[in-house]
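The following block contains the structure, expressed as structure tokens.
Predicted model only: the values in this text are computed from it and were never measured. Whatever order the structure lists them in is the order used to number ligands and atoms, beginning at 1. Residue numbers count from 1 along this sequence.
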Amino acid sequence: MSVLTDISEALQKGKAKIVSQLVTQALDEGIAPGEILNNGLLAGMSVIGEKFQKNEVFVPEVLIAARAMNAGTAILKPKLAAEGVEPLGRVCIGTVEGDLHDIGKNLVKMMLEGKGIEVVDLGIDVSAEKFVDTAIEQNCSVICCSALLTTTMNVMKDIVEKAKEKGVRDKVKIMVGGAPVTQSFCDSIGADAYTSDAASAADKAAEFLAAMK
Ligand code: B1M
């Protein structure tokens with residue numbers, strides 16, 4: 001059995017310490033950080049997601065798996081960031097108001113940092129006003145918002161409206177993502193870009209920042 005399969009299985013069991021040890025072992029074996037992320041950690045989290053949907057596991061199991069995921073990503077983070085080059089610009093990121101899911105948001109953050117982008121992490125449950133005020137005060141050219149609930153994704157529309165209200169809509173790009181978000185939703189609220197995964201979010205943000213330099 002490969003170390004990546006071991007990582008996936010340890011994550012599904014919520015064994016944070018073992019996940020950390022296995023991620024370190026995988027790096028020592030010369031496996032690329034991106035491969036460990038995709039084929040070890042994310043593979044395990046996706047199994048948990050499917051089981052959660054089928055009511056085969058419940059919130060506590062999901063939480064301990066999420067903790068194990070974060071333990072693994074904490075080790076990978078500097079390795080992914082080390083692959084980045086010069087800072088491209090600054091982005092603020094957060095999960096929208098009412099929404100506490102942060103695993104995807106943290107992955108997007110990691111990928112952004114891996115591209116050499118400075119990231120202001122606002123955390124979870126972030127209001128539209130907080131996103132826009134931070135972009136203005138901390139000179140962020142891109143706002144990245146994440147939502148995992150159909151009930152919270154509409155906050156993204158408020159962010160677009162708040163940016164207009166504060167007169168910065170033409171200075172700040174607004175990117176949206178998260179499982180329930182789609183390209184047509186992005187278009188309908190007037191955001192600038194939708195991406196379906198963390199890696200393409202980082203690519204798109206880098207593209208925006210390069211064009212805005
Ligand atoms: Co929640 N949950 N959850 N949950 N949870 C979902 C999202 C759900 C689909 C499960 C289900 O019922 N099938 C469902 C939402 C249904 C809906 O609205 N359509 C749901 C529900 C209902 C709830 C609660 C309401 C449950 C309850 O209490 N009854 C509750 C809500 C709490 C709240 O937020 N107010 C809740 C709570 C929780 C936990 C706390 C237990 C835990 C979160 C822990 C944490 O995040 N720290 C949790 C989890 C883990 C999940 C599932 C199982 C996994 C989510 C996840 O982390 N996926 C999820 C089921 C599923 O997805 N199958 C579920 C892995 C992550 C890497 O993917 O975040 O999609 P994701 O990120 C992707 C892309 O979407 C993209 O990049 C990432 C991959 O590269 N991306 C972006 C994400 N953000 C982006 C931003 C961008 C660009 C791309 O910006 C530019």
Between T95 and D99, which heavy-atom pair has the shortest distance, and what is it?
->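 Where T95 meets D99 most closely, the heavy atoms are CG2-O, 3.4 Å.
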- prompt: Considering all protein heavy atoms, does one lie under 4.0 Å from atom 29 (N) of ligand 1?
  reply: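 Flag for atom 29 (N) of ligand 1 set to false, no protein heavy atom closer than 4.0 Å.
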Less than 3.5 Å between some nitrogen or oxygen of T151 and one of ligand 1, yes or no? no
- Query: Does an N or O from A198, backbone or side chain, lie closer than 3.5 Å to an N or O of ligand 1?
  - Reply: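 Yes, since at least one N or O of A198 sits under 3.5 Å from an N or O of ligand 1.
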Counting only heavy atoms closer than 4.0 Å, does ligand 1 sit against the backbone of P180, its side chain, both, or neither?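 The answer is neither.
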* Going by distance only, is there an N or O of D197 that falls short of 3.5 Å from an N or O of ligand 1? -> no
| query | Which one holds for V176 and ligand 1: side chain close, backbone close, both close, or neither close, with close meaning a heavy atom under 4.0 Å? | reply |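 Under 4.0 Å from ligand 1, V176 contributes backbone atoms alone.
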Just distances here: any N/O of D102 and N/O of ligand 1 closer than 3.5 Å?
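So ligand 1 has an N or O lying under 3.5 Å from an N or O of D102.
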Can you confirm, on distance only, whether ligand 1 has an N/O atom lying under 3.5 Å from any N/O atom belonging to G98?
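So ligand 1 has an N or O lying under 3.5 Å from an N or O of G98.
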Handout entry: For ligand 1, the portion of C145 having any non-hydrogen atom under 4.0 Å away
Key =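 C145 to ligand 1: backbone contact only, side chain stays beyond 4.0 Å.
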**Report entry** N/O separation below 3.5 Å, T150 to ligand 1
**Finding:** yes
Counting heavy atoms under 4.0 Å, the part of A147 that contacts ligand 1 is neither
